[in-house]
Amino acid sequence: MLLSIHIENYALIQHSDISLSGGMTAITGETGAGKSILLGALGLLLGQRADSGVLHDKEKKCVVEATFDIKALDLQEFFKANDLDYDDTLIIRREILPSAKSRAFVNDSPVSLSILKELGVHLIDIHSQHETLTLAESDFQIGLLESFHGGKEKRRQYREAFSLYQEKKQLLERLTAEDAQNRKEVDYWQFLFDELQQANLAEDEQEELEQESNLLSNAEGIKQTLCNVIGLCGNDDETAALSRLNSAKGQLSKITGTHADIEALYKRFESSYIELQDILSEMESFNDNVQFSPERQQVVDERLDLIYRLQKKHNVETIAELLSIQNDLDAKLQNVAGMDEEIHRAMESVDKAFAEVQKLGDELTKLRQKSAVQIEKEVLPTLEALGMKDSRLKVEVVPTQDFRANGCDKVQFLFNANKGGELREMGKVISGGELSRLMLALKSLTVKEALLPTIIFDEIDTGISGEVSSKMAHIIAQMAQGMQVVTITHLPQMAGIASRHLKVYKAVEGEQTVSRIRELEMEERVHEIAVMLSADPPTEAALQTAREQLNNSAR
C-alpha cells in the first residue's frame with residue numbers, strides 16, 4: 001500500500017507532501033490544476049524516463065519519494081535476487097538533476113530503471129485514459145488472462161524454460177557453425193601440425209646449432225690459431241712460456257725461506273703457473289676436437305634452415321613459440337575430433353529444454369482458457385450495471401505451434417456492445433466510453449485475486465454521467481474494500497463515495513504559478529462536491545445534495 005508521496009521541484013509542484021491510507025481516495029481539481037502532474041511524478045518512481053524539462057527550478061534537482069507498506073507482499077526473493085535490503089516499509093526515491101542525469105534508489109541503495117520498473121509492477125497499477133487503448137493489444141489481453149488461477153506464476157515458469165531453451169538453441173547453433181568452419185580448415189591445421197611434429201624441435205637446440213655452425217665454418221682458422229698459442233705456451237721448447245715460467249718458479253723457490261712475503265709471492269706464482277697449465281691442457285683438448293667436416297656442416301645448416309623457415313612461416317622468432325603453436329594446433333584438432341559428441345549432447349539438451357517449454361506452454365494455455373471462461377462469465381453483470389446490458393464478450397485462446405516468450409497462444413477479445421451485433425476484435429466495434437467501462441469491469445475482476453495492493457484510476461469516468469456514473473462509483477468503492485484505490489475524477493458521485501478527498505489547485509506565488517494539493521475537511525468536501533454538481537459558488541440545492549451523498553457514503 002502507498003503510504004506517502006514527497007514531491008520537490010517537479011513541473012508546477014515546488015514542494016508537496018501527500019499522505020494516503022487504505023480504502024478509496026478521490027482527487028479532484030479543475031482541468032490544468034496539476035492532477036496529471038501528480039501521476040507523472042509517481043511514474044518516475046515506477047521507472048519512467050524523464051529529462052531536465054520536468055524541473056520547476058532549472059538550477060535545482062527534482063526529488064520524488066514514496067513510502068510503501070509491503071509486508072503483505074511476497075517480495076523477499078526479489079530483493080534478494082537484486083541484492084537489496086528488505087524491509088516491510090519500502091522507500092523509493094528518484095532524483096532528476098539539472099544535467100538531465102537521473103538517479104534511483106530503493107531503500108537508499110542505487111538501482112537501475114529496469115529494476116525500478118520490475119518492482120513497480122508489484123506495487124501500483126495506474127489505469128489511465130490512455131491505458132484503455134491497450135485493451136485491444138494482445139500482450140495486455142494475455143496479462144488479464146494471467147490474473148487468475150496462478151497464471152502469472154505459470155507464465156514466469158514458462159518464460160524461464162523458454163529462455164533456457166533459447167540459450168541451449170543458441171549454443172547448438174554456435175557449435176554447429178564453429179564445427180562447419182573448423183572442418184573447412186582442419187586439413188590445413190593437420191598439415192601445419194604434421195610439419196611441426198616431424199621437425200621434432202627441441203627448445204634449446206637453435207642456440208647450440210648456431211654455435212656449432214659458426215665453429216665449423218671457422219674450423220681451419222681456429223685450429224691454426226690454437227696450434228700457434230700452444231706452441232708459444234708449451235713445455236716442449238725452452239723458449240716457450242710455460243718452460244720459462246717453470247724455470248723462474250724453481251729459482252723463486254730457493255729463496256722462499258728468507259722472508260714471509262717472498263713465500264706468499266711464490267705461492268701465488270705457483271698457483272698461476274698451475275692455472276696456465278690447466279688452460280693449456282684444455283686448449284690442446286679443444287684443438288684435438290675441432291674437426292673440419294663439410295658433411296656435418298651441411299647437416300647443421302640444413303637443420304638451421306628448417307628452423308628459420310618454420311619461424312618465418314609462423315611469424316615467430318623462437319623455437320618455444322613454434323612449440324606453442326604446435327600445441328595449439330593439436331588442441332584444435334582434438335577439439336574437431338570431439339565436436340561431434342559435443343554437438344550431439346547439445347542437441348539432446350535442446351530437445352529436453354524444448355520438451356519442457358511444450359509442457360509448460362500447454363499448461364499455460366489451459367490456465368488461460370480457464371481464465372477466459374471465468375472472465376466471460378463474471379464481466380457481464382458488471383457491464384450490465386454500467387449500462388451495457390446487451391454486451392457480449394468472447395475470449396478466444398487458440399494454441400499454436402509458434403512458441404514465443406509470452407507463450408504459444410493466439411489470444412483475441414471479441415466484443416460487441418449492441419444486441420445482435422457481430423462479435424469483432426476489440427477497438428473495431430467499441431467506443432471510447434464503452435472501452436473505459438469494459439476496462440473497469442475487467443479490473444474489478446482482478447481485485448478478487450488480490451493481485452495488487454494499490455490501483456490508481458486517472459479520470460476513468462471521462463464521458464460518463466447520470467446513473468452509470470453512480471454505478472461506476474459504487475463498483476470502484478467495492479474494489480476499495482479489498483485494496484487501496486486512488487481515483488482522479490470529475491464526477492461528484494465518485495468524490496462523494498470516497499473515504500478521503502484531496503484537492504489539487506493552482507496558486508500564484510510571486511511571479512510563478514504553482515500546484516498545491518491538500519486533504520479536504522468535511523465542510524470543504526461538501527463545498528467541493530457542490531461545485532462539481534453546479535457551479536462556483538454552488539447553489540443551496542447542490543450543497544444539500546453534496547451533504548446527502550457524503551452522509552450516504554459514510555453509512
Decide salt bridge (charged side-chain N to carboxylate O under 4.0 Å, His left out) for Glu356 and Lys352; before the verdict, give the C-alpha distance in whole Å, the side-chain angles of both, and the deciding distance to 0.1 Å. CA-CA 6 Å; Glu356 182 68 9; Lys352 182 179 178 181; over 6 Å; no

Glu160 and Leu164: CA distance, side-chain angles, deciding distance, side chain to side chain contact (heavy atoms under 4.5 Å, CB included) verdict: CA-CA 6 Å; Glu160 289 180 356; Leu164 180 62; over 6 Å; no

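- Contact record, Tyr10 with Ile37: CE2-O, 3.3 Å, taken as the closest heavy-atom pair.
- Within the 3.5 Å criterion, the main-chain N or O of Glu422 finds a donor-acceptor partner in the side chain of Asn416.
- Side chain to side chain, His56 and Asn9 fail the donor-acceptor criterion of an N or O pair below 3.5 Å.
- Between Ser469 and Met494, the closest side-chain pair of non-hydrogen atoms is not below 4.5 Å.
- Remark: Thr382 engages Leu386, Ala441, Ser444, Ile475 in a side-chain contact (heavy atoms from CB on, under 4.5 Å) (not counting sequence neighbours).
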Let me check something: any side-chain donor-acceptor pairs from residues 85-96 under 3.5 Å, sequence neighbours excluded? List them with distances.
{"unit_1": "Tyr86", "atom_1": "OH", "unit_2": "Asp88", "atom_2": "OD1", "d": "2.9"}
{"unit_1": "Asp87", "atom_1": "OD1", "unit_2": "Thr89", "atom_2": "N", "d": "2.8"}
{"unit_1": "Arg93", "atom_1": "NE", "unit_2": "Glu95", "atom_2": "OE2", "d": "3.1"}
{"unit_1": "Arg93", "atom_1": "NH1", "unit_2": "Asp108", "atom_2": "OD1", "d": "3.3"}
{"unit_1": "Arg94", "atom_1": "NE", "unit_2": "Ser102", "atom_2": "OG", "d": "2.7"}
{"unit_1": "Arg94", "atom_1": "NH1", "unit_2": "Leu44", "atom_2": "O", "d": "2.6"}
{"unit_1": "Arg94", "atom_1": "NH1", "unit_2": "Gln48", "atom_2": "O", "d": "2.9"}
{"unit_1": "Arg94", "atom_1": "NH2", "unit_2": "Gln48", "atom_2": "O", "d": "3.1"}
{"unit_1": "Arg94", "atom_1": "NH2", "unit_2": "Ser102", "atom_2": "OG", "d": "3.1"}
{"unit_1": "Glu95", "atom_1": "OE1", "unit_2": "Arg103", "atom_2": "NE", "d": "3.1"}
{"unit_1": "Glu95", "atom_1": "OE1", "unit_2": "Arg103", "atom_2": "NH2", "d": "2.5"}
{"unit_1": "Glu95", "atom_1": "OE2", "unit_2": "Lys61", "atom_2": "NZ", "d": "3.4"}

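- With Asn107 contributing its side chain and Ser109 its backbone, the two residues share no donor-acceptor pair below 3.5 Å.
- Distance alone, capped at 3.5 Å, is enough to place a donor-acceptor pair between the Arg404 side chain and the Asp409 backbone.
- Environment of CG in Asp402: crowded, with over 12 heavy atoms of neighbouring residues, nucleotides or ligands closer than 6.0 Å.
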Could you go through Met483 and Met1, starting from their C-alpha distance and side-chain angles, then the distance that decides it, and tell me whether this counts as side chain to side chain contact (heavy atoms under 4.5 Å, CB included)? CA-CA 8 Å; Met483 66 187 304; Met1 182 173 69; over 6 Å; no

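- The pair Arg345-Glu341 meets the salt-bridge criterion, since a charged nitrogen lies less than 4.0 angstrom from a carboxylate oxygen.
- No side-chain heavy atom of Ile497 sits under 4.5 Å from any side-chain heavy atom of Gln493.
- Residue Glu30 qualifies as open at atom CD: its count of foreign heavy atoms under 6.0 Å is 12 or below.
- The structure places CD of Gln166 at 8.5 Å from CD of Glu173, a figure rounded to the nearest 0.5 Å.
- A distance-only check finds no donor-acceptor pair linking the side chain of Glu509 to the backbone of Val514 [under 3.5 Å].
- Separation of atoms CD1 (Ile124) and OG1 (Thr454) is listed at 5.5 Å; rounding is to 0.5 Å.
- Under the 4.0 Å criterion applied to side-chain N and carboxylate O atoms, Glu524 and Arg518 are assigned as salt-bridge partners.
- More than 12 heavy atoms of other residues, nucleotides or ligands lie within 6.0 Å of NZ in Lys359, so this atom counts as buried by the packing criterion.
- Here Leu42 contributes atom CG and Leu2 contributes atom CG; the two are 6.5 Å apart, rounded to the nearest 0.5 Å.
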Would Lys60 and Leu55 satisfy side chain to side chain contact (heavy atoms under 4.5 Å, CB included), going step by step from the backbone distance to the final call? CA-CA 7 Å; Lys60 298 180 181 179; Leu55 302 182; over 6 Å; no

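- Under 4.0 Å is where a charged nitrogen must lie from a carboxylate oxygen, and between Glu521 and Arg525 no such pair does.
- In this view, Ser470 satisfies the side-chain hydrogen bond (donor to acceptor under 3.5 Å, both in side chains) rule with no residue, not counting sequence neighbours.
- Contact of the His15 side chain with the Ile7 side chain is not registered, since no non-hydrogen atoms from C-beta on lie closer than 4.5 Å.
- Ile18 contributes atom CD1, which lies 4.0 Å from atom OG of Ser16 (distance to the nearest 0.5 angstrom).
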Trace of the salt bridge (charged side-chain N to carboxylate O under 4.0 Å, His left out) decision for Glu348 with Lys168: CA-CA 10 Å; Glu348 289 182 338; Lys168 300 292 186 182; over 6 Å; no

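- Counting only distance, with no hydrogens or angles, the side chain of Ser534 and the backbone of Ala530 share a donor-acceptor pair below 3.5 Å.
- Judged by distance alone, the side chain of Gln369 and the main-chain N or O of Val397 form a donor-acceptor pair under 3.5 Å.
- A donor-acceptor contact shorter than 3.5 Å is absent between the side chain of Ser499 and the backbone of Gly23.
- The environment of NZ in Lys419 is sparse: at most 12 heavy-atom neighbours from other residues, nucleotides or ligands sit within 6.0 Å.
- Panel note: side chain Asn551, backbone Arg547; a donor-acceptor pair is recorded below 3.5 Å.
- To the nearest 0.5 angstrom, Phe68 atom CZ is 7.5 Å from Ile5 atom CD1.
- For the residue pair Thr28 / His501, a side-chain donor-acceptor distance below 3.5 Å is found, with atom types taken as modelled.
- A donor-acceptor distance shorter than 3.5 angstrom exists from the side chain of Gln484 to the backbone of Ser21, with no hydrogens or angles considered.
- When atom types are taken as modelled, the side chain of Ser391 and the backbone of Met388 share a donor-acceptor pair closer than 3.5 angstrom.
- Glu8 and His6 share a side-chain donor-acceptor pair at under 3.5 Å.
- A side-chain donor-acceptor contact under 3.5 Å links His490 and Glu459.
- Atom CE in Met347 sits 12.5 Å away from atom CG in Leu171 (nearest 0.5 Å).
- Test Val485, Thr489, Ile488 against Phe457 for side-chain contact (heavy atoms from CB on, under 4.5 Å) and you get one pass: Val485.
- By the 4.0 Å N-to-carboxylate-O rule, Lys471 lies too far from Glu384 to be salt-bridged with it.
- Residues Val379 and Leu442 meet the side-chain proximity criterion, which asks for heavy atoms closer than 4.5 Å.
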